[in-house]
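Everything on this sheet refers to the single structure shown next.
From a predicted model like this one, the values you see are computed outputs, not experimental measurements. Note: hydrogens, waters and symmetry copies are ignored here, and every other heavy atom, side chains too, is used.
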Amino acid sequence: MEPAGDPPFCANGGCGAAPCIWLDIGTREGPRIVQEVEKFRDVLLEKGWQLGYDLHFERVEGAEHNEAAWAQRVGPFLQFLYPAREAAV
């Protein structure tokens with residue numbers, strides 16, 4: 001059971017090996033969701049994710065919840081989740 005005060009989406013953990021997670025939030029998405037995403041980041045850190053290794057977190061000042069805002073971050077998002085690897089020849 002999830003501890004009181006944690007965001008509701010933290011209860012569904014337990015996915016086995018830790019996947020890489022990109023987590024970002026725009027400050028114009030609403031004050032409550034910003035706080036919940038930051039709490040979620042903290043829960044992930046407590047469970048063993050490491051910033052810069054298998055977890056990226058970014059609070060984007062002034063960003064909204066829309067395609068224009070996401071387009072600004074899609075390049076780094078893809079590079080983090082799908083880093084270039086040396087070709088096996």
Side-chain angles (χ1 to χ4, degrees):
M1 181 169 224
E2 123 185 359
D6 281 348
F9 44 84
C10 293
N12 298 325
C15 58
C20 288
I21 297 175
W22 176 281
L23 188 60
D24 70 27
I25 187 72
T27 57
R28 293 187 60 196
E29 293 189 44
R32 182 171 173 221
I33 191 66
V34 171
Q35 289 176 351
E36 287 190 359
V37 170
E38 289 174 340
K39 286 181 186 178
F40 183 50
R41 174 209 54 208
D42 295 343
V43 168
L44 291 171
L45 291 171
E46 290 171 10
K47 292 183 178 279
W49 272 266
Q50 297 175 11
L51 284 172
Y53 176 67
D54 54 5
L55 175 63
H56 173 91
F57 174 78
E58 187 173 355
R59 181 179 175 168
V60 185
E61 292 298 323
E64 299 177 338
H65 187 80
N66 58 39
E67 290 84 359
W70 305 328
Q72 299 297 312
R73 306 190 299 265
V74 72
F77 165 80
L78 292 172
Q79 290 172 344
F80 179 76
L81 293 179
Y82 305 101
R85 307 216 191 268
E86 287 188 36
V89 179

Exercise. Look only at the side chain of Trp49 and the backbone of His56, and say whether a donor-acceptor pair between them is shorter than 3.5 Å.
Key: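 Judged by distance alone, no pair lies under 3.5 Å.
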How long is the span from the [atom1] atom in [X] to the [atom2] atom in [Y], to the nearest 0.5 Å?
X: Tyr53; Y: Cys20; atom1: OH; atom2: SG; value: 7.0 Å
X: Phe40; Y: Leu45; atom1: CZ; atom2: CG; value: 10.5 Å
X: Arg28; Y: Asn66; atom1: CZ; atom2: CG; value: 9.0 Å

Quiz prompt | Minimum heavy-atom distance between Glu29 and Glu64, given as atom pair plus value | solution =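 Here Glu29 and Glu64 meet closest at CG-C, 3.8 Å.
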Exercise. Compare every heavy atom of Thr27 with every heavy atom of Arg59, then report the nearest pair and how far apart it is.
Key: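 The pair with the smallest heavy-atom distance is NE-CG2, 3.4 Å.
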Self-check item: Hydrophobic cluster membership, Phe57 vs Leu81, 4.5 Å side-chain cutoff
Solution: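 No, because Phe57 and Leu81 fall into different hydrophobic clusters, even though each may have its own neighbours under 4.5 Å.
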Self-check item: Val34 reachable from Leu51 in the ILVMFWY side-chain graph, under 4.5 Å edges
Solution: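 Hydrophobic grouping puts Leu51 with Val34.
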Exercise. Fit a plane to each ring of Trp22 and Phe77, take the angle between them on a 0 to 90° scale, and name the class: parallel (under 30°), tilted (30 to 60°) or perpendicular (over 60°).
Key: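 Trp22 vs Phe77 ring planes: perpendicular.
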Quiz item: Checking side chain to side chain contact (heavy atoms under 4.5 Å, CB included) against Arg41, which of Ile21, Leu23, Ile25 comes through?
Solution: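 Checked Ile21, Leu23, Ile25 against Arg41; only one passes side chain to side chain contact (heavy atoms under 4.5 Å, CB included): Leu23.
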